[in-house]
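Shown next, in C-alpha cells, is the structure this report addresses.
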Number of protein chains: 2
Amino acid sequence: MPDSIHAIPEVVILRLPLYVRVLTQLKDEGTEVISSRELGDRLSVTPAQIRKDLSYFGRFGKQGRGYNVSYLVGELRQVLGLDRQWNTAVIGIGRLGRAIINYPGFAPEGFKVVAAFDADPAQVGRQFEDVAIQSIGEMQQTIRERNIAIAIVAVPAPQAQRVISELVSCGVKAILNYAPIAPQVPEDVRVRNIDPVLALQTMTYHLKVRQDEAGS
Amino acid sequence: MPDSIHAIPEVVILRLPLYVRVLTQLKDEGTEVISSRELGDRLSVTPAQIRKDLSYFGRFGKQGRGYNVSYLVGELRQVLGLDRQWNTAVIGIGRLGRAIINYPGFAPEGFKVVAAFDADPAQVGRQFEDVAIQSIGEMQQTIRERNIAIAIVAVPAPQAQRVISELVSCGVKAILNYAPIAPQVPEDVRVRNIDPVLALQTMTYHLKVRQDEAGS
DNA sequence: CCTTGTGAAGGGGTTCACAGCA
DNA sequence: TGCTGTGAACCCCTTCACAAGG
C-alpha cells in the first residue's frame, strides 16, 4: 500500500481528474491500451510525471505495453471516490444558482443537487428540477438528513463569506464557490473557486508583456 | 527593474489577481495601509510569500508601516495589464455562451465582449447585448479588425479542440475555455479552464478518505 | 518597536535514468 | 525492444531570518 507510506502531494490529486477525463474519452474512442508517453502527449504532461503520479496509488501498468485504459480509469475513479454518488446543495438561487441546478453535466458524473437554499423568503417553496427551495435556517438540518457532503455557493459576493462560514459550521468539508471572493475556511475544509474574471486576469500579464514588446 | 534580472515564476502571476481583488475590497472599506501579515491573513498566504511576490515587481512598501492600499492596487493593476480594456470574443452561443455575453461582471473589470461566433447558421445575425453573432468563417478577420486578444470558448466538448486550434491559427494567445476537455495548444498560448465537474472531482478524494476512516 | 526587502536555507515536486520485466 | 515503476538528482518555489529603515 504505497499510499500509507508517503503522503500524496496535493498537486497529484489535482491532476488525477484530468487523467480520468482523458482516459474516459480514450475508452469511448475504443482505445484499449495506452502508454504514459501517449497519455502525456494528450495532456501536455511528461510521461515520468504520469507514471510517478499513478505509482502513489498502485501498479496499474504492464511493462513493455502500457496501461489498460478501462482498468486504469476504473481504478482512478475508485481512488478519487467517483465510484459513488455525492449529494450537493446549492446556496443562492439567482440566475447563476438556477443555471447550476439545471446544469445537466453534474448528474452523469455522480454529483446530484438534492437541496437548494435562498435567503429571499419569496423564493422559498418554489421548485426547480425536483428541488424545492428552502430557507437558510433549514440548512443545518437538511445537510445532515440528506447526507450532503458538498455545497455549491452561488450567492452575491457580499454574502459569500457569511454563507461559507455557516456551511463550515454545518460540518460541510467541501465547497465549490462561484462568488468572486477569497474565502477563509479552516484547513480541513476544501474550497475550489470558479471565477472567470480571475482566470482572465491571470492571462493579461503575458498579453501585456507581448504588447509592450511589440510597441517598443 | 527586478523583473529583467530574473524570470517571474508563473505561480506569482497566478496570485497577483487575488491580491488585487482583496486590496480593492480593502480600499472600498476605507483601509489606507496594510501589512503583509494582515494581507496574508485575509488570503491564507504567508506574509513572506506576499513580500517576495511583490518584490519581483518593485518596492511598494514602507518599513515599519506596510503598504499603501490604493498605491499598491494601482501598481499591481498596471503590472497585470488591468489598466486597459481587453476585447474578447465568445465562441459558441448556446445557453452558456449567452450567459457569458450577458454576464455583467466582465465589463467593470475591463473585459469587453465585442464579438460572438456560432457554427449554427440559424444563429448568425441575431443580436445579444449589442453583439451580433457571426459565422465561424468570419472569425479570423474580425479578430484582427477588432483587436481581440482573448477568446472565450463555450462550444460543446466535441467541437472544442477544433475551435481552439482555429483560434490559435487566428493568432489568439489567451483562451478561457468552458468546455470539459484538456485542450492542446502551443506553449506560447495560455489557456485557463473553467470546469466545475473537474473542481468537484478534486475534492471527493479527501471526502472519500474521511468517509472510509469513519467507516472503519 | 514594527515591518519591508532579500539573500540563503529548506522543502517538495518534477525529471532523470535505469533496473526489471513482458 | 518497449515501457513501467522508482530511487536519486535536480530544480524551483517557499520560508526563514535578519539587515535596513521609518
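Computed over heavy atoms, backbone and side chain alike; hydrogens, waters and symmetry mates excluded. Here the structure is a predicted model, which means the values were calculated and not measured. To find a chain, count down the sequence lines: A is the first, B the second, and so on, and within it residues start at 1.
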| Under the 3.5 angstrom rule, does the side chain of B:Thr31 hit a backbone N or O of B:Lys27 as a donor-acceptor pair? | no

Can any side-chain N or O of A:Asn68 pair as donor or acceptor with the backbone N or O of A:Val33 at less than 3.5 Å? no

Requested in this report: Test side chain to side chain donor-acceptor pair (under 3.5 Å) on A:Arg21 and B:Gln201 and set out the steps.
Outcome: CA-CA 10 Å; A:Arg21 169 153 302 163; B:Gln201 290 178 333; 4.6 Å; no

Quick one: [X] [atom1] to [N] [atom2], roughly how many Å, whole number?
X	N	atom1	atom2	result
A:Tyr56	D:dT4	OH	P	17 Å
B:Glu10	D:dT14	CD	P	12 Å
B:Arg15	D:dC13	CZ	P	9 Å
A:Leu54	D:dC3	CG	P	16 Å
B:Ile50	D:dC16	CD1	P	14 Å
B:Leu14	D:dC13	CG	P	11 Å
A:Asp53	D:dT6	CG	P	13 Å
B:Ile8	D:dC13	CD1	C1'	14 Å

Is [X] close enough to [N] that one of its side-chain N or O atoms is under 4.0 Å from OP1 or OP2 there?
X	N	answer
B:Arg59	D:dA20	no
B:Ser36	C:dT4	yes
A:Tyr67	D:dG2	no

* To do: Look at atom CD of B:Glu10 and say whether more than 12 heavy atoms of other residues, nucleotides or ligands are closer to it than 6.0 Å.
  => yes

**Message:** Heavy-atom count check: over 12 atoms from other residues, nucleotides or ligands less than 6.0 Å from A:Gln85 CD?
**Reply:** yes

Residue pairs meeting side chain to side chain donor-acceptor pair (under 3.5 Å), one or both in residues 173-184 of chain A, sequence neighbours left out, come to A:Lys173-A:Asp188, A:Asn177-A:Asn193

In short, A:Val79 meets B:Lys208 closest at the heavy-atom pair O-NZ, 3.1 Å

With B for base contact, S for sugar-phosphate-only contact and - for none (protein heavy atoms under 4.0 Å), nucleotides 15-22 of chain C reads BBB--BBS

Nearest-nucleotide pick for B:Ser35, side chain only, options being D:dT14, C:dG13, C:dT3 |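 Given the options D:dT14, C:dG13, C:dT3, the side chain of B:Ser35 is closest to C:dT3.
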
